[in-house]
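One structure is given here, and the rest of the page talks about it.
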Amino acid sequence: MLRLLFLLTCALALLASSVASAAIVEHSFYVQNLTVNRLCSEQVVTAVNGSLPGPTLRVREGDTLIVHVFNKSPYNLSIHWHGVFQLLSAWADGPSMVTQCPIPPGGKYTYKFELLQQEGTLWWHAHVSFLRATVYGALIIRPRSGHPYPFPKPHREVPILLGEWWNANVVDVENQAEAIGAPPNISDAYTINGLPGDLYKCSRNRMYKLKVQKGKTYLLRIINAALNNQLFFKIANHNMTVVAVDAGYTVPYVTDVVVTGPGQTVDVLLAADQEVGSYFMAANAYASAGPAPPAFPTPPPFDNTTTRGIVVYEGAPTSATPIMPLMPAFTDNPTAHKFFTSITGLAGGPHWVPVPRQIDEHMFVTVGLGISICPTCLNGTRPSASMNNFSFERPSSLSMLQAFFFNVSGIYTPDFPDTPPVKFDYTNVINAVNPSLLITPKSTSVKVLKYNATVEMVLQNTALLGVENHPIHLHGFNFHVLAQGFGNYDPVNDPKKFNLINPLSRNTINVPVGGWGVIRFTANNPGVWFFHCHLDAHLPFGLATAFVVENGPTPESTLPPPPVDLPQC
């Protein structure tokens with residue numbers, strides 16, 4: 001009896017400690033015009049609370065985050081909390097016309113959700129048009145009070161947000177591209193924490209500086225917030241130790257270069273162990289897109305500039321010239337592939353989820369480019385993109401989540417195929433301009449999943465109009481990355497390469513250029529979850545689909561009703 005009372009007391013104390021450590025964190029976002037000077041010109045942008053990037057939100061695992069968004073901008077708007085699981089809070093996920101209608105100019109909406117079963121670096125951004133070029137910020141989830149990191153405590157934590165800048169209104173950039181049926185204009189600069197750095201005109205004093213003390217270790221929370229470019233990131237003469245990606249802990253991995261796709265986060269420990277001085281940090285494009293001969297003999301254009309900041313040691317002479325890191329070549333696929341495939345998950349660490357072994361749904365999904373008919377475009381067609389030859393089109397009258405909850409037909413169709421309609425030699429450039437493969441019909445097609453179903457998906461890049469490394473993001477879940485490789489996926493031999501012990505767990509995978517990746521996840525969260533390429537140049541062209549996860553058998557596995565202030569279309 002005494003033992004039972006002791007165990008009960010311990011359980012109640014643990015529960016009380018857990019409840020006590022959870023807090024309600026509340027913020028207000030005022031989204032409105034902001035005039036900034038960049039690259040010798042004055043530009044009006046859309047920003048949150050008058051800052052670029054927007055405010056960094058800091059919470060602990062278990063907290064409830066409430067953000068009141070007031071849209072004082074001239075554009076429709078929604079905010080996505082990139083990487084947050086949104087357990088039973090799909091109404092707060094944010095993608096426009098998927099989980100909500102956008103917040104109209106003059107409108108407001110309150111996002112409320114719990115941060116459960118994950119900790120690390122995530123971020124938030126606009127999920128309407130190109131607005132996320134300037135509407136974004138960091139979301140830092142620390143462990144609960146009294147719970148340590150699974151690595152030595154750093155002296156200081158520093159968000160590093162890598163962005164992209166246009167000397168133009170980004171909404172106009174997107175609208176112009178759609179009107180003429182062409183890819184959008186490339187950006188004019190990259191930025192580190194909103195600053196372009198001294199390699200750009202009129203930017204000598206617009207450079208991010210990180211001050212460090214020799215002998216101290218710093219946790220850099222690196223976020224790729226760029227719209228259309230994957231990036232290499234280096235710090236001269238310094239190695240970095242990767243300890244987490246996409247808010248999931250990893251086995252420590254030492255590297256001198258970080259590679260990130262748009263939407264991805266990488267946490268690294270930086271030891272200030274070099275001679276006292278100044279060292280440039282730099283980021284430039286990883287331009288994976290290759291030509292598609294014979295019709296397109298050259299790769300597409302990209303922003304080939306470099307942004308840089310400075311790591312300055314305490315006591316460094318102000319007259320010293322900082323050392324510049326040697327950056328990889330823009331097309332350095334081996335370096336990128338090594339980085340993406342060398343990092344493994346921290347099995348047994350905080351919030352680790354073992355790889356599910358029972359598979360309920362097998363999917364083979366092609367991702368690539370194509371062409372769609374466009375009567376209003378200059379040449380009658382426009383670039384398109386698709387998954388399994390379905391080019392995604394968002395609904396316009398009602399969000400998909402509302403249609404799911406209220407059982408409204410005609411908003412989406414439950415017919416996204418498990419395999420491509422036509423099988424072909426996917427990565428052979430001989431098919432790059434095959435007219436029978438290029439046309440991609442528009443649809444709002446989804447894959448319906450039973451609650452708790454386990455999905456294994458092969459993502460296969462195609463050579464249609466050219467090969468490219470695609471960062472594919474899944475809302476509402478993390479997935480295990482079992483394997484990645486080049487060429488066509490081999491269903492006989494490639495499963496032998498699967499890591500089922502400690503694979504990386506993340507929310508955005510870089511499908512290798514001209515290659516494939518295999519992911520696995522359990523659909524244990526009811527709702528409608530967007531699955532799309534995080535290159536914004538491709539998203540309007542339809543490189544997306546969605547998963548509709550049905551309700552489970554209990555109230556704890558059933559999506560609750562929408563908030564009363566949910567925006568209406």
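H480 and W352 have their aromatic ring centers within a separation under 6.0 angstrom. For F531 and F392, the distance between ring centers is not under 6.0 angstrom.
Taking every heavy atom of both residues into account, G261 and P471 meet most closely at CA-CB, 4.5 Å. In plain terms, the two heavy atoms of N304 and F330 that are nearest each other are O-CZ, 3.4 Å. The nearest pair of heavy atoms linking S187 to D303 is OG-OD2, 2.7 Å. The minimum heavy-atom distance between S397 and C569, with the atom names listed, is O-CB, 3.5 Å. Summarising the geometry of P562 relative to F405, their closest heavy-atom pair is CD-CE2, 3.9 Å, with the distance given to 0.1 Å. Shortest non-hydrogen contact noted between V257 and F232 is CG2-CD2, 4.0 Å.
A donor-acceptor pair shorter than 3.5 Å cannot be found between the side chains of T99 and D93. Judged by distance alone, the side chains of S384 and T440 do bring a donor and an acceptor atom under 3.5 Å apart. D415 and T413 share a side-chain donor-acceptor pair at under 3.5 Å. Side chain to side chain, Q484 and H337 fail the donor-acceptor criterion of an N or O pair below 3.5 Å. Residues H532 and H475 bring a donor and an acceptor atom of their side chains to less than 3.5 Å of each other. In the model, N478 has no side-chain atom that pairs as donor or acceptor with a side-chain atom of Q118 under 3.5 Å.
A donor-acceptor pair under 3.5 Å links the side-chain atoms of T265 to the main chain of D246, judged by distance alone. A donor-acceptor distance shorter than 3.5 angstrom exists from the side chain of D360 to the backbone of T454, with no hydrogens or angles considered. N169 contributes a side-chain N or O that, together with a main-chain N or O of V171, makes up a donor-acceptor pair within less than 3.5 Å. Using a distance-only test at 3.5 Å, with no hydrogens or angles considered, no donor-acceptor pair links the side chain of W81 to the main chain of Q86. Between the side chain of S445 and the backbone N or O of F416 there is at least one donor-acceptor pair closer than 3.5 Å. Here the side chain of R394 pairs a donor or acceptor atom with the backbone of S96 at under 3.5 angstrom. Using a distance-only test at 3.5 Å, with no hydrogens or angles considered, no donor-acceptor pair links the side chain of S391 to the main chain of P441. Q460 places a side-chain N or O within donor-acceptor distance of the main-chain N or O of G515, the cut-off being under 3.5 Å. The backbone N or O of N469 lies less than 3.5 Å from a partner atom in the side chain of Q230, making a donor-acceptor pair. A donor-acceptor pair under 3.5 Å links the side-chain atoms of N461 to the main chain of E468, judged by distance alone.
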Problem - ring pair (Phe, Tyr, Trp, His ring centres under 6.0 Å) assessment of F339 paired with Y286 - result: CA-CA 12 Å; F339 182 85; Y286 163 44; over 10 Å; no
Practice task
I would like to know whether E361 and F547 meet side-chain contact (heavy atoms from CB on, under 4.5 Å); could you show each step before the answer?
Solution key: CA-CA 12 Å; E361 300 277 355; F547 291 101; over 6 Å; no
Exercise for the section: Please step through side-chain contact (heavy atoms from CB on, under 4.5 Å) for the pair E114 and L87, ending with a clear verdict. Expected result: CA-CA 8 Å; E114 293 180 285; L87 295 168; over 6 Å; no
Exercise for the section: Check the pair Y426 / W516 against ring pair (Phe, Tyr, Trp, His ring centres under 6.0 Å), numbers first and verdict last. Expected result: CA-CA 10 Å; Y426 303 110; W516 52 269; over 10 Å; no
Problem - side-chain contact (heavy atoms from CB on, under 4.5 Å) between V365 and N388, worked out - result: CA-CA 5 Å; V365 178; N388 278 353; 4.0 Å; yes
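The aromatic rings of H80 and H127 sit perpendicular to each other, their planes meeting at more than 60°, with 30° as the lower class boundary. Ring geometry for H473 versus H534: interplanar angle over 60°, hence perpendicular rather than tilted (30 to 60°).
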